[in-house]
> 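Handing you a structure now.
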There are 2 protein chains.
Amino acid sequence: MTYNEFKKIVKISKEEISGQILERNRDSIKVKKEEKVIENLIRIIDATLKICSKKSFQAMSIRDLSAESGLSGGALYSYFSSKEELLVLIQTQGREIANRVLVDQVVKSSDPVEKLRIAIKSHIYLSEAMRNWFYFTYIEARNLPKNEQKLAIESELQTEKLFIDIINGGIEEKVFRDENVVLVASVIKAMLQDWYLKSWKYRNRKVSVDDYADFVIHVAESILLI
Amino acid sequence: MTYNEFKKIVKISKEEISGQILERNRDSIKVKKEEKVIENLIRIIDATLKICSKKSFQAMSIRDLSAESGLSGGALYSYFSSKEELLVLIQTQGREIANRVLVDQVVKSSDPVEKLRIAIKSHIYLSEAMRNWFYFTYIEARNLPKNEQKLAIESELQTEKLFIDIINGGIEEKVFRDENVVLVASVIKAMLQDWYLKSWKYRNRKVSVDDYADFVIHVAESILLI
DNA sequence: TAAAAAAATACGAACGTTCATTTATTTCTT
DNA sequence: AAGAAATAAATGAACGTTCGTATTTTTTTA
């Protein structure tokens, strides 16, 4: 699988995402016409992610968001009931998509070596396709309210668990070395995150997403393969 | 070298750090008595790092800092001329210390394998000894003014260059495999950073700093050693 | 050495600004 | 025309910063 093939397989339309957000947040969205909601949620989220790739969510004012999204300050409050709710909304949806796509891809194989490759590639490709989402989810997690922070941490650990399970499977089947599984999973995760946290660096150096994914697989297999 | 040995060798006293900050910032510090400056800079920086391990620098108000440091809002402005300057001041000093200690350690050996081990251990141990500094420097870099952001990026690339040079040395001496040097250095860096970015995770799992450093060395050598 | 004077430092209320949010009004849509 | 949606102006709280005053420390005087 290459990045281009991945993008064809995994369709993540903005309309679909907005639709899900609408379902989750009917109560706090005051606008009734679904089309309007979906259209404007897309504009709001696009604008937020764009602004927050340059400055923090806190530093983004409602005026900034209004200017970038083309909606007035007052109109924005028809789509969320507080700035903090907007933060939570984007974070929750981001985690949901990431987790769903990743799990969907991994179950496609039952061979541990293949599973590990798929998991690494899917994560990197997904974080490339939704770079702003991933960056935002990572960097703004600490500004969430306490209970939402807990959910973010759980989600992070769940993703890691997915890798732990794959590696354990490989050790049982004696295709992987008996390494410290938790540490192996941790450093794989660290490598995956580097792709979207330092995207500026890799772009400057002309490292393609396929190059990077292959290299991370190479590293993982250097540690694990017998 | 273990973490405890490292701490004995590398003395990083708060007084020394504050003294250096005073030297760098004589102009904007209005208080004349050196002792006072050093004592209060320590309080201010400790308070800032403590608060910012829980919320962002932006979210920290001068009133918060006043309460935590025990100095009045007015008094604080005798030690820096704006909140932004305080951010820059801490970041600059943090980078300076990190770079100096790392370079000092690495020159101690001329063997690539040994050099790589020292570089990895020093970085992880240093980031453990100054965890709040490192976390703050990483997480708040994006809130710096444009020109300071450039310096932060340069510093990041310089650290990576240090690893690149070590690896290239090893390849020339034919003790390391001829891998993609830039990518190897990148993922090593990613693993190093994970230690202080996810310290909560490793502490919960009772992974010691020595365990982690040894493991990162193990991974690096799995990729590189012939 | 002790009191008085001067200097240095710290304080905290007050200022102007900016922000998130609300409200009153206007503009679309059907 | 009636209901829905968007706007623009208004509101009050919170922020960084300043500044006149109070307190502490140092120096001078006797």
Side-chain angles (χ1 to χ4, degrees), chain A residues 18 21-22 25-48 51-52 54-90 140 143-145, chain B residues 18 21-22 25-48 51-52 54-90 140 143-145:
Chain A
S18 278
I21 294 178
L22 172 53
N25 300 73
R26 276 245 159 69
D27 301 344
S28 41
I29 297 175
K30 285 151 201 148
V31 173
K32 299 186 176 174
K33 275 192 73 182
E34 278 211 9
E35 282 175 49
K36 264 264 132 79
V37 175
I38 286 172
E39 176 199 327
N40 283 339
L41 275 180
I42 292 173
R43 291 165 79 181
I44 292 169
I45 291 171
D46 279 352
T48 304
I51 294 169
C52 291
K54 281 165 198 153
K55 52 168 126 172
S56 73
F57 184 77
Q58 274 231 36
M60 175 189 80
S61 68
I62 294 294
R63 284 171 184 81
D64 291 338
L65 185 55
S66 165
E68 182 71 38
S69 68
L71 284 158
S72 70
L76 291 173
Y77 278 84
S78 305
Y79 296 90
F80 51 77
S81 54
S82 72
K83 198 185 164 196
E84 186 175 80
E85 196 189 79
L86 174 63
L87 172 61
V88 171
L89 176 155
I90 297 180
E140 297 294 346
N143 299 320
L144 287 167
Chain B
S18 278
I21 294 178
L22 173 53
N25 301 73
R26 275 244 160 70
D27 300 344
S28 42
I29 297 176
K30 285 153 201 145
V31 172
K32 299 184 176 175
K33 276 195 72 185
E34 279 211 8
E35 283 175 47
K36 264 263 135 79
V37 174
I38 287 172
E39 177 199 325
N40 283 339
L41 275 180
I42 292 173
R43 292 164 79 182
I44 292 170
I45 293 171
D46 279 352
T48 304
I51 294 170
C52 292
K54 282 164 198 152
K55 53 167 123 171
S56 73
F57 184 78
Q58 275 231 34
M60 175 189 80
S61 68
I62 293 295
R63 285 162 186 83
D64 290 338
L65 185 54
S66 166
E68 182 71 36
S69 67
L71 285 159
S72 69
L76 290 173
Y77 277 84
S78 305
Y79 295 91
F80 51 77
S81 54
S82 72
K83 198 185 165 197
E84 187 175 80
E85 196 188 78
L86 173 64
L87 173 62
V88 171
L89 177 155
I90 297 179
E140 298 294 346
N143 298 320
L144 286 167

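Naming: A, B, ... by sequence-line order, numbering from 1 per chain.
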> Please report, to 0.1 Å, the donor-acceptor pairs under 3.5 Å made by any side chain of residues 71-78 of chain B, with sequence neighbours excluded.
| from | atom 1 | to | atom 2 | distance (Å) |
| --- | --- | --- | --- | --- |
| Ser72(B) | OG | Ala75(B) | N | 3.1 |
| Ser78(B) | OG | Ala75(B) | O | 3.3 |

> Test of understanding: with salt bridge (charged side-chain N to carboxylate O under 4.0 Å, His left out), list the residues that count as partners of Glu85(A), not counting sequence neighbours.
none

> Could you check if a side-chain atom of Leu65(A) sits within less than 4.5 angstrom of a side-chain atom of Lys83(A), using non-hydrogen atoms only?
no

> Answer yes or no: does atom NZ of Lys30(A) have more than 12 heavy-atom neighbours from other residues, nucleotides or ligands under 6.0 Å?
yes

> Begin from the C-alpha positions of Val31(A) and Asn40(A) and carry the test side-chain contact (heavy atoms from CB on, under 4.5 Å) through to its verdict.
CA-CA 10 Å; Val31(A) 173; Asn40(A) 283 339; over 6 Å; no

> Indicate yes or no: at least one non-hydrogen side-chain atom of Phe57(B) is less than 4.5 angstrom from one of Thr48(B).
yes

> Mind running a 4.0 Å heavy-atom check of residues 30-46 of chain A against DNA chain C and sending the residues that fall below it, in number order?
Lys33(A)

> Identify the 5'-most and 3'-most nucleotides of DNA chain D with at least one atom closer than 4.0 Å to a non-hydrogen atom of chain A.
dA4(D) to dA8(D)

> Hey, which sits more toward the 5' end of DNA chain D by its nearest nucleotide, Phe80(B) or Ser78(A)?
Ser78(A)

> CD1/Ile29(A) to CG/Leu41(A) distance, rounded to the nearest 0.5 angstrom?
5.0 Å

> On DNA chain D, nearest-nucleotide positions of Ser72(A) versus Ala75(B): which is more 5'?
Ser72(A)

> Who passes salt bridge (charged side-chain N to carboxylate O under 4.0 Å, His left out) against Glu68(B), sequence neighbours left out?
Lys50(B)

> Return the polar atom pairs (N/O with N/O) between nucleotides 18-20 of chain C and the protein under 3.5 Å, or none.
| from | atom 1 | to | atom 2 | distance (Å) |
| --- | --- | --- | --- | --- |
| dA20(C) | OP1 | Met60(A) | O | 3.3 |
| dA20(C) | OP1 | Lys83(A) | NZ | 2.9 |
| dA20(C) | OP2 | Ile62(A) | N | 2.6 |

> Evaluate the side-chain proximity of Ile51(A) to Lys55(A): yes if any heavy-atom separation is below 4.5 Å, no if none is.
yes

> Got more than 12 heavy atoms from elsewhere within 6.0 Å of CD, Glu34(B)?
no

